[in-house]
Asks: 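Take a look at this one; I'll ask things after.
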Amino acid sequence: MAARVARVMIDSPVPALDHLFDYAIPPVFADDIRVGCRVRVPLRSGGRLADGYVVELADSTTFDGELSELDDLISSVPILAPEVWRVARTVADRAAGSASDIVRLAVPKRHVRVEKAWLEAEPSMGAVEPAPLEGYPASADLLSGGTRTAMSAIPQLSTTEDGATIGRWAQSAVELATQVLARGRKIIIAVPDYRDLGQVLSALAPRVPPALVSRLDAKQPAAQRYRAFLECLNAGPRVIVGNRSAVYAPASDLDAILLWDDGDDLHAEPLAPYVHTRDAALVRQQDSGCALILMSHARSVESERLVEIGWLRSVSPERHVQPRVVLTNPAVDGDAARIPSTAWKTARSALDAGPVLVQVARPGYAPVVACQRCRTGARCAACGGPLGIRKPGRPPECTLCGAIAAEWRCDECGDTHLRLVSRGSARTTEELGRAFPGTSVITSDGDHPVERVPAKPALVVATRGAEPIAEGGYRAVLLLDGDRMLAREALTIASDCLRWWSNAAALAATGAPVVLVGVAGRLGTAFATWTSHAFAAEELADRRELGFPPAVRTVSVSGDLAAVESAVASLDTTSYRDVLGPSELPDGGVRSIVRFDYSAGPEVARALRAAIIANATRRRRSPAAKGGYRPPPTLRIRFDETELVT
DNA sequence: AGCACGCCGACT
DNA sequence: GTCGGCGTGCTC
């Protein structure tokens, strides 16, 4: 007998709607409706319609009221797979958020023509030859069910059968993928950025038929994205590759999740409820029992913690391979120039053979400017943010709000002349161009990234994270601004730097020198000896001592003072360690940070979820006091934020 | 979010 | 007496 009741998740960000609603199924839809279908349902006695997904079908309801009928069955395609729903619900609960906010990341917009074509097409099959995982001990069985691994990538480059240069890590990822495909199953490969995605796709191209690859990323046109998504619903082998939301791709027969570079900020979802790809992957691994592989050049402190508690197993390459790292410390060597002589010499001789990578801390021309007379840092008249110069000859601009400060005058002494304090990529490019006349200089930064450079002599100046891949590898890598990068105030700065340098060093040709300028101590040593796991372990020990994440968990509670105070007050005082703040935020609200132990996670999330719901209903103030300005009224809950300032 | 239900001031 | 203000709470 056909089901009579559909239990529906409403697609709405309203916290109070974040549970299942029962609807009667009209006979017209009875034959076509399935778990996972998109439906339209009436809300509040036919007053308005909302979109939703069928999450369960049942014969009866526990709701003691009269059920409304479904208004419409949008499509009989079960687009919200049961495993995706379970993961969304769990992940949302852990983050005190709505499941629908996760589902919105997971399920792309419908595209009717694409859906029709998919329904009519024969699912494409294809045989894939399994490739062994090269360079790792044969005993490293990474893919058997339930295995969770922190895997150190081999810091080398690799050439595909098509002749493209890619990171060796992408080759390893694809070797694992072919093994999954050969078993007729699915693997999700989630990478932080588009250049990483490009490398995985290049590595896949010669080994896996395109029909078995689904590319899920936000940059794709809606139609292609929807098609790739639908193909994930097909039975049979498939590689799903994409950026952070690819962890939520449907795959009922998921064999493995591979996450590249879990320490990269781009894995931190900026949309509520702010769930990190790593956390979603851990939840999904638990739910499906698939294998999980966190692969990176530099081990994150978070995955090191998981290794220490025995949740992840650590796997390293068969033999220790590392870039040829040279440390130079200008302050100690009495060579205080921006580019010390060791670096000059290295660059000069390497340039005969091919491209040289120069990594700098910041984009622009002079990222920081100051008063020429009294040396006070120049600040934006509008917002107080620091001023910088993007291009030579341009007026200074605020690096926070972007306001142009054409008529700058020093607050302290009234002088109107600026002094360039620091060097950005544009100025480094200019200097190098002068120093190496006749050599071409290429700049790559976040605004104008360059994906690849040819195997020809050139200086490639790149900000961290925007380094192009050089065909055949760089003949030398200069990491110029080590000290400047380290100067940024952030809890995670040391491990971030190690990651940035490691990822750049892995772009060097085999045996090419990698010069790190201005960094010594245990961080310099960890880089030079390529022992990021040991560094992460020390870092974790330090953070345990100080009670900082990831040794403890944190949740940042922000919004207007009353909302934050009542949310924090609603926590059971035995469930957390302490509360920092509330402190004022630039936007007029306040923020408190609560530190708690992992074991208290469910309780803290539950209490804060209740606070969010209470706040959302109680909040309706009288029609805003005149003045237009209002502090952010909503209560924002953010677990395990990475950008916590110490 | 919308929309209804509900309990106090100006109106026919 | 009633019409309607928007504060409060719910949405199968």
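To find a chain, count down the sequence lines: A is the first, B the second, and so on, and within it residues start at 1.
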Asks: In whole Å, what is the span from the CZ atom of A:F63 to the P atom of C:dC10?
Replies: 12 Å

Asks: Applying side chain to side chain donor-acceptor pair (under 3.5 Å), which residue pairs with at least one partner in residues 271-281 of chain A are found, sequence neighbours left out?
Replies: A:D262-A:R278

Asks: Starting at CZ of A:R48 and ending at P of B:dA4, how long is that distance when rounded to a whole Å?
Replies: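 A:R48 atom CZ is separated from B:dA4 atom P by 11 Å.
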
Asks: Could you state the CG-P distance from A:L49 to C:dC12, rounded to the nearest angstrom?
Replies: 11 Å

Asks: Rounded to whole angstroms, how far apart are CG on A:L70 and P on C:dT11?
Replies: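 Rounded to the whole Å, the gap is 18 Å.
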
Asks: Base, sugar-phosphate alone, or nothing: which one does A:Y23 contact when heavy atoms must sit under 4.0 Å apart?
Replies: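 If one applies the 4.0 Å heavy-atom cut-off, A:Y23 turns out to touch the sugar-phosphate alone, with no base involved.
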
Asks: What side chain to side chain donor-acceptor pair (under 3.5 Å) pairs are there with at least one residue in residues 17-26 of chain A, not counting sequence neighbours?
Replies: A:R7-A:D22, A:D18-A:R89, A:D18-A:R609, A:D22-A:T61

Asks: By ring pair (Phe, Tyr, Trp, His ring centres under 6.0 Å), which residues pair with A:Y576, not counting sequence neighbours?
Replies: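 A:Y576 satisfies ring pair (Phe, Tyr, Trp, His ring centres under 6.0 Å) with no residue once adjacent residues are dropped.
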
Asks: Any ring-ring contact (aromatic ring centres under 6.0 Å, His included) involving residues 223-270 of chain A? Give me the pairs, sequence neighbours left out, ordered by first then second residue.
Replies: A:W169-A:W260, A:W260-A:H297

Asks: Can you tell me how far P of C:dG9 sits from CG of A:L43, to the nearest Å?
Replies: 19 Å

Asks: Rounding to a whole Å, what distance do you find between A:L67:CG and C:dT11:C1'?
Replies: 13 Å

Asks: Listed in order of residue number, which residues of residues 10-20 of chain A have a non-hydrogen atom at under 4.0 Å from DNA chain C?
Replies: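 Within this stretch, A:A16, A:L17 sit under 4.0 Å of the strand.
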
Asks: According to a cutoff of under 5.5 Å between the ring centres and under 30° between the ring planes, does A:F21 stack with the base of C:dC12?
Replies: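 So no, this residue does not stack on that base, at least one cut-off failing.
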
Asks: In whole Å, I'd like the distance from the CG atom of A:D59 to the P atom of C:dC12.
Replies: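 Distance check: A:D59 CG to C:dC12 P gives 21 Å.
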
Asks: Measure the CG-CD distance between A:L216 and A:E231 for me, rounded to the nearest 0.5 Å.
Replies: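 Rounded to the nearest 0.5 Å, the CG-CD separation comes to 9.5 Å.
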
Asks: Can you name the salt bridge (charged side-chain N to carboxylate O under 4.0 Å, His left out) partners of A:D597, sequence neighbours left out?
Replies: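 With neighbours one apart ignored, the set is A:R577.
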
Asks: To the nearest angstrom, how far is A:E56 atom CD from C:dC12 atom P?
Replies: 18 Å

